[in-house]
Every structure is written in C-alpha cells, then in structure tokens.
Amino acid sequence: RSLPWVLSLGIVVWLGSQIDMDAMVSALAHADHGPLLAWMALFTILVFLADSACLHLLFDRLLGRFSFSEVLAVKGVSYFLNAVNYSAGTGSIAYFVHKRGDQPFLKALSALLWLNFVDIAALLILLSLGTLMGSDLLPETIAERLPWVVGVGGVIVVGALVYWRLGWDFLILGRLRSLSVFAAFEDAKMSDYLALLGARTAFIGLYVFMTWALLPTFQIPVPLTALLVYVPLLTFVQIVPASVSGLGAVQWVMIALYAPHFAAEVGDTQAEATIVAFSTVVGPGVTLMRLGLGYLLLGRVAPDLVVSGDELEATRSAANEHSES
C-alpha cells in the first residue's frame with residue numbers, strides 16, 4: 001500500500017530538484033487566473049455530467065435500471081477515492097451497485113472493468129485520429145513510435161473481441177471465461193460495445209478540449225491535433241496504479257510531451273517550469289472542485305458505501321470459496 005506513495009514522493013522530489021523555482025513562480029504569477037478558474041469550473045461540471053451519463057448507460061445495459069440522480073450521486077462520491085487511486089473509485093461504484101441494486105459485487109465490478117476496456121479502445125481511437133491529423137505537429141521521436149503504439153494496441157483490442165465474442169481461446173486463455181469478474185466481457189453484446197465506445201470516445205474528447213482551453217492560460221502553445229495524442233497518453237499514465245493519482249509521473253510525461261512545442265527563445269528551463277506550474281495548479285484545482293461536488297452529494301449514498309464487519313467477512317469468505325473452486 002505504501003509503494004505508490006513512496007514512488008509519488010520520489011518523483012515529486014526529483015522534479016523539484018530539476019525545476020527552477022524562480023521560473024516556476026514567475027509562470028504562476030503571469031498565468032491568466034480568471035479564465036483558468038472559469039474553464040476549470042465549467043469543464044469539471046461538464047465532465048462530471050458526461051461521465052455520469054456514460055455510467056447510466058452502462059448500468060442500463062448490463063446491471064439494471066438506476067435513476068440518473070442516483071448515478072450522479074455515486075459518481076460524485078467516487079471522486080473522494082479517485083483522488084487517491086482510479087481503481088479505488090471504481091471499486092466504490094461497484095460496491096454501491098451491489099448494495100443499492102441487489103447485484104453480486106463481482107458482477108458490478110466486472111461491468112466496470114469492461115468499461116475500462118472500452119476506455120482503452122476509445123483512447124486508441126483518439127490516438128489514431130491524432131496520428132492521421134497531426135503527426136507533423138508532434139516531436140519526431142513521438143511521431144515515429146506512435147504508429148507502433150496504435151498498431152499493438154489495436155491488435156490487443158481486436159484479439160480481445162475475438163476471444164470474448166467469437167470464443168477463440170488462444171491456447172490457454174479459455175479458462176478466463178469462467179471467472180465472474182470477467183462476466184461482463186461475454187455478456188455485453190456488440191451493440192453494447194459500440195454504444196459505450198461512442199459515448200466514451202466523446203467523453204474523453206472533453207478532456208482534450210479542456211486541456212486545449214486551459215493551456216493558453218499559462219501560454220503553453222500545444223495545438224489541438226497534438227492533444228488528441230497527448231491527452232490519451234497522459235490518461236494511460238494517470239490510471240496506472242503506480243503512483244497516487246498519477247502524481248509525479250504525469251508531470252514528468254507532460255514535460256516530455258509539451259516542452260518541444262515552446263519557441264526556442266523561451267528556453268528549456270522556463271518551458272519545464274511553466275509546465276510544472278500548470279500541472280501544479282490544474283491537477284489539484286480540478287481535484288478540489290470534484291471533491292466539492294462529492295461532498296454535496298455524499299449524504300445521498302453514504303449509507304450504501306459503509307461496509308459493516310459482517311459484510312466484509314462474508315465478502316472475504318465468498319472470494320476464498322470462489323478462488324478454491
């Protein structure tokens with residue numbers, strides 16, 4: 001449990017030792033704070049509504065009917081755990097569905113894992129669009145490797161569809177179909193795949209536009225077509241549970257992606273300091289706004305997210321019995 005915190009702290013300390021603090025303070029002072037806060041607030045609300053709409057569609061297709069107001073509440077409260085780790089937020093939503101909808105916990109978790117798979121496919125779509133529309137705007141090293149990333153990712157996604165939809169076992173993988181935690185992959189119809197893929201591609205596209213709107217407030221000159229590549233890459237970094245909410249790792253990758261777009265006269269030192277200043281304000285700022293939304297909605301779902309000792313023990317026993325079988 002402590003490893004992500006240690007890794008996050010290590011990366012942050014390393015970044016701090018590499019960044020010119022005076023240049024970072026200057027970047028913070030020269031930012032357009034009014035437009036920055038306005039865009040952050042607007043997109044926080046838009047992303048919250050769009051993400052909840054996607055969850056509502058997922059529940060309706062795979063887990064039974066929930067009211068949109070219920071989905072809004074549980075999504076808002078999940079931001080408390082998302083602030084620590086993306087997987088923790090996912091688990092809280094699955095537990096809410098289990099308690100409120102009388103669904104087995106593993107079935108609910110399965111649907112959310114399936115949604116993560118759909119998200120990967122949506123991210124690959126955006127990466128492909130970025131490759132087709134703006135490869136000439138990308139740094140040369142990224143432009144050269146990107147087709148391989150898209151190609152390998154596409155093969156994995158297609159292979160997963162062949163495995164789950166056509167029943168091709170790929171030698172030893174057929175046993176996965178018997179595990180409850182993967183049930184949604186087989187239960188979902190192609191119409192479900194297509195519906196959620198379209199919804200999640202549009203949802204992640206909101207992050208692209210949010211980043212495009214926010215970067216100019218720090219005078220960071222990254223074009224929209226390049227962000228079709230950068231935002232999916234940064235999303236992958238953030239959801240991998242190697243550090244706390246991607247802390248440190250995201251800033252490191254942002255420097256590698258955004259710094260080449262600065263004019264030469266700006267200099268590497270100022271460019272890197274500006275990027276870290278941007279991420280220092282936007283990341284925690286959006287998180288605080290989300291926590292505010294979650295706090296307002298907490299009372300509606302708190303009883304459904306409280307785990308008693310008896311329930312925890314029953315869940316452990318069921319998990320042990322399933323693993324033994």
Side-chain angles (χ1 to χ4, degrees), residues 11-12 14-40 42-43 47 122-150 153 204-240 246-286:
I11 296 175
V12 169
W14 180 84
L15 280 173
S17 68
Q18 303 298 311
I19 297 300
D20 186 326
M21 289 298 143
D22 290 336
M24 182 174 169
V25 171
S26 176
L28 289 170
H30 288 89
D32 297 326
H33 297 287
L36 173 67
L37 291 174
W39 282 121
M40 285 169 58
L42 174 63
F43 277 101
V47 166
L123 289 168
L124 287 171
I125 288 175
L126 292 176
L127 283 174
S128 300
L129 288 175
T131 303
L132 293 173
M133 297 171 59
S135 60
D136 56 324
L137 300 174
L138 302 174
E140 184 177 349
T141 53
I142 295 175
E144 289 175 352
R145 292 174 173 80
L146 196 57
W148 289 99
V149 174
V150 173
I204 298 171
L206 270 178
Y207 281 98
V208 176
F209 283 106
M210 180 179 75
T211 307
W212 185 53
L214 292 176
L215 285 175
T217 63
F218 274 79
Q219 296 81 50
I220 301 176
V222 183
L224 178 61
T225 49
L227 291 174
L228 288 171
V229 173
Y230 296 163
V231 171
L233 291 177
L234 289 167
T235 302
F236 278 123
V237 173
Q238 190 165 11
I239 63 177
V240 172
L247 182 63
V250 170
Q251 285 75 20
W252 194 352
V253 176
M254 284 176 68
I255 290 174
L257 296 177
Y258 294 165
H261 292 278
F262 281 81
E265 57 267 22
V266 173
D268 292 342
T269 298
Q270 184 62 53
E272 292 174 2
T274 301
I275 293 166
V276 173
F278 170 80
S279 66
T280 300
V281 171
V282 171
V286 170

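As the structure is a prediction and not an experimental result, all values here were calculated from the model.
With rounding to the nearest 0.5 Å, the separation of CE in M24 from CD in E272 is 12.5 Å. How far CE of M254 is from CG of L233: 12.5 Å, rounded to the nearest 0.5 Å. Rounding to the nearest 0.5 Å places CG of L37 at 11.0 Å from CG of D32. We find the CG-OG1 distance between L224 and T211 to be 10.0 Å, quoted to the nearest 0.5 Å.
Residues L214 and M40 are in side-chain contact: their nearest non-hydrogen atoms beyond the backbone lie under 4.5 Å apart. Considering only heavy atoms from C-beta on, L227 comes within 4.5 Å of Y258 through its side chain. Looking at heavy atoms from C-beta onward, L126 lies in side-chain contact with I204 at the 4.5 angstrom threshold. Proximity of V208 to Y230: side-chain heavy atoms (C-beta onward) are nowhere separated by under 4.5 Å. V282 places a side-chain heavy atom less than 4.5 Å from the side chain of L36.
Within the 3.5 Å criterion, the main-chain N or O of L127 finds a donor-acceptor partner in the side chain of T131. With hydrogens and angles ignored, the 3.5 Å screen pairs no side-chain donor or acceptor of H33 with any backbone N or O of T217.
Legend: residues meeting ring-ring contact (aromatic ring centres under 6.0 Å, His included) with F262, ordered by chain and number and at least two apart, are absent.
The minimum heavy-atom distance between V150 and S128, with the atom names listed, is CG1-OG, 3.2 Å. Contact between H30 and Q219 at its shortest, heavy atoms only, is O-OE1, 3.7 Å. Minimum heavy-atom separation, A213 to F43: CB-CE1, 3.9 Å.
Shown here is D268, whose CG atom has no more than 12 heavy atoms of other residues, nucleotides or ligands within 6.0 Å.
With respect to T274, the side-chain contact (heavy atoms from CB on, under 4.5 Å) criterion is satisfied by exactly one of I220, L215, I255: I220.
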Could you walk me through whether T235 and Y207 pass side chain to side chain contact (heavy atoms under 4.5 Å, CB included), step by step? CA-CA 9 Å; T235 302; Y207 281 98; 5.7 Å; no
